[in-house]
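Heads up: the structure comes next, in structure tokens.
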Amino acid sequence: MIYDCAIIGGGPAGLNAALILGRARRKVAIMDNNQPRNAVTHASHGFITRDGVTPAEFRRIALEEVKCYPLVDHLQSEVVSVDTTPFGFELVDSVGHRLQARKLILATGVKEIYPEIEGFYPLYGKSLFNCPYCDGWELQDQALVVVSEFSNLFHMAKLLLNWSKDLVVCTNGKASLTDKHKQQLQSKGIVVMEQAIAAFIGQNGRLEHVCFADGTQIPRAGGFVTPTFVQSAPFAERLGCEMLAAGGIKTDGKGRSAIPGLYIAGDTSYVAPSQVVFAAADGSQTAMSVNLDLTEEYFTSSLPHV
């Protein structure tokens, strides 16, 4: 059997793509290793009707809805290779099972690489985060630290000032702020510290202090740390997709990559903003592109509709 579309990735983008294609009466296989990037998060925010839902509960509801459509198969497996074929694509999972599909959606997402600072990971997802729109509300009016080694630091500090006026901005020893930006931040009462950070100190997931390499220590209750984003899976690059400087994969804006039959959905494509609602919407749009292309191919070929 050849599927109309295979989807690699069972996050919001992949699941919403499966939902749309299932409703379009397409034969779909969604392949998912159940290792979501947001598993560490206590709750997902910013999605109307699901604000504050845990990632596990969101996934449970989504799978329950997707499985209502009989042409959608949810396969709990990890894809290890993808190759193009005359009919489309062949996928092989970790136990050697092979699956064939006319179209392929990559919704594998991205993964974060954070600065190597002692004590970060026990606090991540509890009092240290990376997205103010996702978690700023929960940290409002607290003493916060903002850490970034990149030029986005000025933008992040400006944004966060609306959630808390007690901000310390840290470059972690990098030249991520211009003199003009430093002056602007300081004029708003924001403290700028350019020393390297030695450690985050806290207990039970709650940040208490930030310790610097020069021995300085400041009390903080939470904060935001900017990661580098890289692709979670190597398939797009192996298939020859064009990669973007920010870490995503170039598309036509509606999910189509430059590789015929290959589509990119969610964080895999645009990286940021990294929210459930954006990923789900992008999965929906990408699925519509898949369905449209399958329809057009049927009308321009002599193949019977199956």
(message) Is it the case that atom CG in Asn204 sees more than 12 heavy atoms from other parts of the structure closer than 6.0 Å?
(response) no

(message) Quick check on the hydrophobic clustering: are Leu106 and Val110 connected, directly or via other members, by side-chain heavy-atom contacts under 4.5 Å?
(response) no

(request) Decide side-chain contact (heavy atoms from CB on, under 4.5 Å) for Val53 and Phe47; before the verdict, give the C-alpha distance in whole Å, the side-chain angles of both, and the deciding distance to 0.1 Å. (result) CA-CA 9 Å; Val53 69; Phe47 197 147; over 6 Å; no

(request) Please confirm whether the backbone N or O of Leu262 pairs with a side-chain atom of Ser257, one donor and one acceptor, at under 3.5 Å? (result) yes

(message) If I compare all heavy atoms of Gly46 with all of Gln275, which pair ends up nearest, and what's the gap?
(response) CA-NE2, 4.3 Å

(request) Can you measure from CD (Gln184) to NZ (Lys158) and round to the nearest 0.5 angstrom? (result) 7.0 Å

(message) As a quick check of understanding, evaluate side-chain contact (heavy atoms from CB on, under 4.5 Å) for Val145 and Leu207, giving each step before the final call.
(response) CA-CA 10 Å; Val145 63; Leu207 177 66; 4.0 Å; yes

(request) Give a yes or no answer on whether the side chain of Asn130 reaches the backbone of Val225 with a donor-acceptor pair at less than 3.5 Å. (result) no

(request) May I ask you to check whether over 12 heavy atoms, not counting those of Lys165, lie within 6.0 Å of atom NZ? (result) yes

(message) Side chains of Leu128 and Val147, heavy atoms from C-beta outward: is any pair under 4.5 Å?
(response) no

(message) For Ser269 and Asp282, which I'm curious about, is there any donor-acceptor pair between the side chains at under 3.5 Å?
(response) no

(message) Atom CZ of residue position Phe87 - does it have more than 12 heavy atoms of other residues, nucleotides or ligands inside 6.0 Å?
(response) yes

(message) Quick one: does any side-chain atom of Gln285 pair with a main-chain N or O of Gly253 as donor and acceptor, under 3.5 Å?
(response) yes

(message) Is any side-chain heavy atom of Asp51 closer than 4.5 Å to one of Trp137?
(response) no

(request) Provide the closest heavy-atom pair for Phe89 versus Lys103 in the form atom of the first, atom of the second, distance. (result) CD1-C, 4.1 Å

(message) Quick check: closest heavy atoms across Cys241 and Ile259, and the distance to 0.1 Å?
(response) SG-CG1, 3.9 Å

(request) Find the distance between CE (Met193) and CG (Asp214) and round it off to the nearest 0.5 Å. (result) 7.0 Å

(request) Decide yes or no for Tyr114 and Pro227: does some side-chain heavy atom of the first lie under 4.5 Å from some side-chain heavy atom of the second? (result) yes

(message) Suppose we screen for ring pair (Phe, Tyr, Trp, His ring centres under 6.0 Å). Which residues come up paired with Phe129, at least two apart in sequence or across chains?
(response) none

(request) Consider only side-chain heavy atoms of I, L, V, M, F, W and Y, link residues closer than 4.5 Å, and tell whether Tyr124 and Met156 are in one cluster. (result) no

(message) Measuring from atom CG of Leu91 to atom CD1 of Ile8, what distance do you get when rounded to the nearest 0.5 angstrom?
(response) 4.5 Å

(message) Below 30° counts as parallel, above 60° as perpendicular, anything between as tilted: where do the rings of Trp163 and Tyr133 land?
(response) perpendicular

(request) Could you go through the side-chain contact (heavy atoms from CB on, under 4.5 Å) check for Ile20 and Asn291 one step at a time? (result) CA-CA 9 Å; Ile20 295 299; Asn291 188 59; over 6 Å; no

(message) If you define the side chain from C-beta out and look only at heavy atoms, does anything of Ser289 sit under 4.5 Å from Tyr263?
(response) yes

(message) Test your reading of the model: is there a side-chain donor-acceptor pair from Glu78 to the backbone of Asp32, 3.5 Å cut-off?
(response) no

(message) If only side-chain N and O atoms count, and only distance matters, is there a donor-acceptor pair under 3.5 Å linking Arg26 with Thr295?
(response) yes

(request) Give, for atom OG1 of Thr178 and atom NE2 of His181, the distance between the pair rounded to the nearest 0.5 Å. (result) 4.0 Å

(message) Looking at Asn172 and Ile197, would you say the former's side chain and the latter's main chain have a donor-acceptor pair under 3.5 Å?
(response) yes

(message) To the closest 0.5 Å, what do you measure between CG (Leu185) and CZ (Phe154)?
(response) 5.5 Å

(request) Please answer whether the main-chain N or O of Ala279 pairs with a side-chain N or O of Tyr270 as donor and acceptor at a distance below 3.5 Å. (result) yes

(request) Look at atom CD of Glu118 and say whether more than 12 heavy atoms of other residues, nucleotides or ligands are closer to it than 6.0 Å. (result) no

(request) Flag yes if Tyr121 and Val210 sit in one hydrophobic cluster, no otherwise; membership is Ile, Leu, Val, Met, Phe, Trp, Tyr, and two members link when side-chain heavy atoms are under 4.5 Å apart. (result) yes

(message) Any non-hydrogen side-chain atom of His97 less than 4.5 Å from a side-chain atom of Leu75?
(response) no

(request) Measure the shortest side-chain to side-chain distance between Ile105 and Leu21 over non-hydrogen atoms and say whether it is less than 4.5 angstrom. (result) yes

(request) Flag yes if Leu63 and Ile30 sit in one hydrophobic cluster, no otherwise; membership is Ile, Leu, Val, Met, Phe, Trp, Tyr, and two members link when side-chain heavy atoms are under 4.5 Å apart. (result) yes

(message) Whether the side chain of Ser164 engages the backbone of Gln142 through a donor-acceptor N/O pair (distance < 3.5 Å, no angle test) should be reported.
(response) yes

(message) For residues Phe224 and Phe229: do they belong to one hydrophobic cluster (side chain heavy atoms under 4.5 Å, members Ile, Leu, Val, Met, Phe, Trp, Tyr)?
(response) no

(message) Any salt bridge linking Arg220 with Asp166? Criterion: basic side-chain nitrogen under 4.0 Å from a carboxylate oxygen.
(response) yes

(message) Are more than 12 heavy atoms, taken from residues, nucleotides or ligands other than Arg256, located less than 6.0 Å from that residue's CZ atom?
(response) yes

(message) Check whether Thr108 reaches the backbone of Gly9 with its side chain - one donor and one acceptor, N or O, closer than 3.5 Å.
(response) no

(request) Indicate the atoms forming the closest heavy-atom contact of Glu149 with Thr171, along with that distance. (result) CG-O, 3.9 Å

(request) Step by step, work out the salt bridge (charged side-chain N to carboxylate O under 4.0 Å, His left out) result for Arg238 and Asp83. (result) CA-CA 9 Å; Arg238 289 178 184 173; Asp83 291 296; over 6 Å; no

(message) Using side-chain heavy atoms (C-beta onward) and a distance below 4.5 Å, is Asn34 in contact with Arg59?
(response) yes

(message) Please evaluate residues Ser77 and Val95 with respect to the criterion side-chain contact (heavy atoms from CB on, under 4.5 Å), reporting the C-alpha separation (whole Å), side-chain torsions for both, the decisive distance (0.1 Å), and the verdict.
(response) CA-CA 8 Å; Ser77 63; Val95 295; over 6 Å; no

(message) What I'd like to find out is whether the side chain of Phe212 reaches to under 4.5 Å of the side chain of Cys170, using heavy atoms alone.
(response) yes

(request) Have a look at Gln231 and tell me which of Lys111, Glu237, Met243 forms a side chain to side chain contact (heavy atoms under 4.5 Å, CB included) with it. (result) Met243

(message) With a 3.5 Å distance limit and no angle check, can you tell me whether Ser148 reaches the backbone of Thr226 through a side-chain donor-acceptor pair?
(response) no

(message) How close do Ala265 and Thr286 get, counting heavy atoms only, and between which atoms?
(response) CB-OG1, 3.7 Å

(request) Indicate yes or no: does Arg102 engage Asp4 in a salt bridge with an N to O separation below 4.0 Å. (result) yes

(request) Output the distance between atom CE (Met288) and atom NZ (Lys254), rounded to the nearest 0.5 Å. (result) 11.0 Å

(request) Compare every heavy atom of Val66 with every heavy atom of Ala18, then report the nearest pair and how far apart it is. (result) CB-CG1, 4.1 Å

